[in-house]
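Below is one structure, written out as structure tokens, with a few remarks after it.
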Amino acid sequence: FASARVPMIFLDERLRIKRFTPAAAELLGIDQGDVGRFTGDIARELLQRDLEEEARGVLEHLAVRSRELHIHDGRWFTRQVLPYRTENRRIEGVVVTLVDVTELKGATERLAVRERQQRVIAQLGFAALRDTDPQAFLERTVREVQRTLDLDCCAVLELQPGGRSLLMRAGTGWDDGLVGEVCVDIGTQAGHALEVSEPVLVGEVATETRFAVANTVTDHELTSGLSCAIRDGERAYGVIEGYTRERRVLDGEDADFLQSVANVVGSMINRYQVRLRATLQESVSRALMKYTEPDEVLGAVQQCLSDELGTV
């Protein structure tokens, strides 16, 4: 019992401490002076949290009780309460074991997050093949990214003619009136993402030296962010980016997720542009065969595009 490396405590039928392993002494901060004390009187998280109720249930029903506990310092433990039998099969108390499962819990949670991210990418991929309205698709995309990465603000920025600014084409979490109206300078984080052609992660915008901080970021008191370039084939379409108000470490797997989303968006935009050009060419050919006046040709082309693509 003394050589066991797992934290274990032996409690008698009255739930008083009889003995414990050195690992338990180190974990709980108890010593020989605590022998004989009722566990309910010892202010330790792992010795509270319904331990008395569980132990009495084990003594009554002789069934093992197990639960996960998240304590104040961020660690996770599995606490197991088992009946203690003597050599003559008499129940004389319970044994409480405490196993640190923090790493396992973290790995499980990370796996669940990655599975959720992959599911979102797949759903957006199917939507990109099915949807015909780019604006609706972009709006859905920023909502999904915001929810999946737990962001405060998310946006798709479209590079404008001349290449000096990016228009917020779709967004969520921003003040009313910004989406579709506000432009971000090319010298900010979004422009840097276009320049380096790889995800840009920012832990704290206040200390950033690689680029200027956009007014939209400071106005919304955002702290940490992540940006990825969107490419329509070989052409730079724009950037998708997200921010949090609280400082957060966005890691490489978060960047991989956002880059995958950016690739899906780029593919959708490219497919839409190809369809737009084909429809335009066909409508121009029909109009030229039917009309001779420029205004008539232009009107026919506009009507065809409106009917086919829902836009002019």
Side-chain angles (χ1 to χ4, degrees), residues 1-119 147-152 203-204 223-224 244-254:
F1 191 83
S3 64
R5 302 178 65 178
V6 176
M8 292 191 295
I9 304 175
F10 171 46
L11 308 178
D12 64 16
E13 293 175 308
R14 296 184 180 181
L15 308 185
R16 295 174 302 187
I17 295 177
K18 293 199 68 173
R19 49 183 172 161
F20 46 82
T21 62
E26 181 179 355
L27 174 64
L28 300 171
I30 57 178
D31 55 31
Q32 289 301 314
D34 292 303
V35 172
R37 292 184 64 189
F38 172 54
T39 53
D41 295 333
I42 301 177
R44 303 290 189 276
E45 284 184 278
L46 294 172
L47 295 182
Q48 301 298 323
R49 305 283 190 88
D50 301 321
L51 175 59
E52 180 181 354
E53 178 183 347
E54 292 175 5
R56 295 195 187 284
V58 168
L59 288 172
E60 181 178 354
H61 302 290
L62 304 182
V64 177
R65 296 287 186 91
S66 182
R67 67 183 299 186
E68 288 187 344
L69 299 173
H70 190 205
I71 62 176
H72 72 282
D73 62 7
R75 289 182 296 171
W76 285 88
F77 284 85
T78 294
R79 185 178 69 195
Q80 196 170 52
V81 186
L82 309 92
Y84 177 76
R85 299 174 187 268
T86 62
E87 292 181 357
N88 59 8
R89 309 296 290 173
R90 181 174 179 273
I91 303 298
E92 287 195 352
V94 297
V95 176
V96 181
T97 63
L98 301 165
V99 180
D100 189 334
V101 293
T102 305
E103 290 188 11
L104 177 61
K105 189 75 173 179
T108 302
E109 290 177 352
R110 288 193 296 273
L111 179 60
V113 168
R114 303 315 167 201
E115 288 179 345
R116 184 166 67 249
Q117 291 178 353
Q118 292 301 317
R119 186 164 58 250
R147 179 182 60 82
T148 304
L149 292 181
D150 193 21
L151 303 171
D152 290 300
E204 191 166 351
T223 300
S224 301
T244 62
R245 288 190 174 88
E246 291 187 4
R247 193 183 191 289
R248 214 173 96 198
V249 178
L250 295 162
D251 59 26
E253 292 186 339
D254 295 325

How close do Met8 and Ala24 get, heavy atom to heavy atom, and via which atoms? O-CB, 3.5 Å
Once you round to the nearest 0.5 Å, how far does CZ of Arg79 lie from CD of Glu45? 11.0 Å
Interatomic spacing from CZ in Arg44 to CZ in Arg49 - rounded to 0.5 Å: 14.5 Å
Side-chain touch Val113/Glu253, heavy atoms, less than 4.5 angstrom: no
Is Thr148 reaching over with its side chain to a backbone N or O of Gln117, donor-acceptor style, under 3.5 angstrom? no
What heavy-atom pair brings Val81 and Ala55 nearest, and what distance separates the two atoms? CG1-CA, 4.0 Å
Are Ile42 and Ile17 side-chain neighbours, meaning at least one heavy-atom pair lies under 4.5 Å? yes
Nearest heavy-atom approach of Thr78 to Ser66 is CG2-OG, 3.6 Å
Cationic N near anionic O, under 4.0 Å, Asp73 to Arg75: yes
Phe38 and Leu15: which non-hydrogen atoms are nearest, and at how many Å? CD1-O, 3.5 Å
How many angstroms lie between atom CZ of Arg37 and atom CZ of Arg16, to the nearest 0.5 angstrom? 13.0 Å
Find the distance between CG (Leu11) and CD (Glu92) and round it off to the nearest 0.5 Å. 13.0 Å
Distance col, row Glu68:CD vs Lys105:NZ, nearest 0.5 angstrom, shows 4.0 Å
Would you name the heavy atoms of Glu246 and Ser224 that are closest together and state the gap between them? O-OG, 4.0 Å
Interatomic distance, Leu98 atom CG to Thr21 atom OG1 [nearest 0.5 angstrom]: 8.5 Å
Walk me through whether Asp251 and Arg114 qualify under salt bridge (charged side-chain N to carboxylate O under 4.0 Å, His left out). CA-CA 12 Å; Asp251 59 26; Arg114 303 315 167 201; 3.4 Å; yes
Whether Phe10 and Tyr84 hold their rings parallel, tilted or perpendicular, with breakpoints at 30° and 60°: tilted
Should Leu82 and Val94 be marked as a side-chain contact (heavy atoms from CB on, under 4.5 Å) after you check the CA-CA gap, both sets of side-chain angles, and the distance that decides it? CA-CA 5 Å; Leu82 309 92; Val94 297; over 6 Å; no
So, do Asp100 and Leu27 sit near enough that their side-chain heavy atoms are less than 4.5 Å apart? no
Return a table of donor-acceptor pairs under 3.5 angstrom between the side chains of residues 56-65 and protein atoms on other chains or two or more places apart.
unit_1: Arg56; atom_1: NE; unit_2: Glu52; atom_2: OE2; d: 3.3
unit_1: Arg56; atom_1: NH2; unit_2: Glu52; atom_2: OE2; d: 3.3

Is any NZ, NE, NH1 or NH2 atom of the basic residue among Asp34 and Arg19 found under 4.0 Å from an Asp or Glu carboxylate oxygen of the other? no
Set of residues satisfying side chain to side chain contact (heavy atoms under 4.5 Å, CB included) with respect to Asp150, sequence neighbours excluded: Arg248
Do Leu28 and Phe20 make a side-chain contact, defined as non-hydrogen atoms from C-beta onward lying under 4.5 Å apart? no
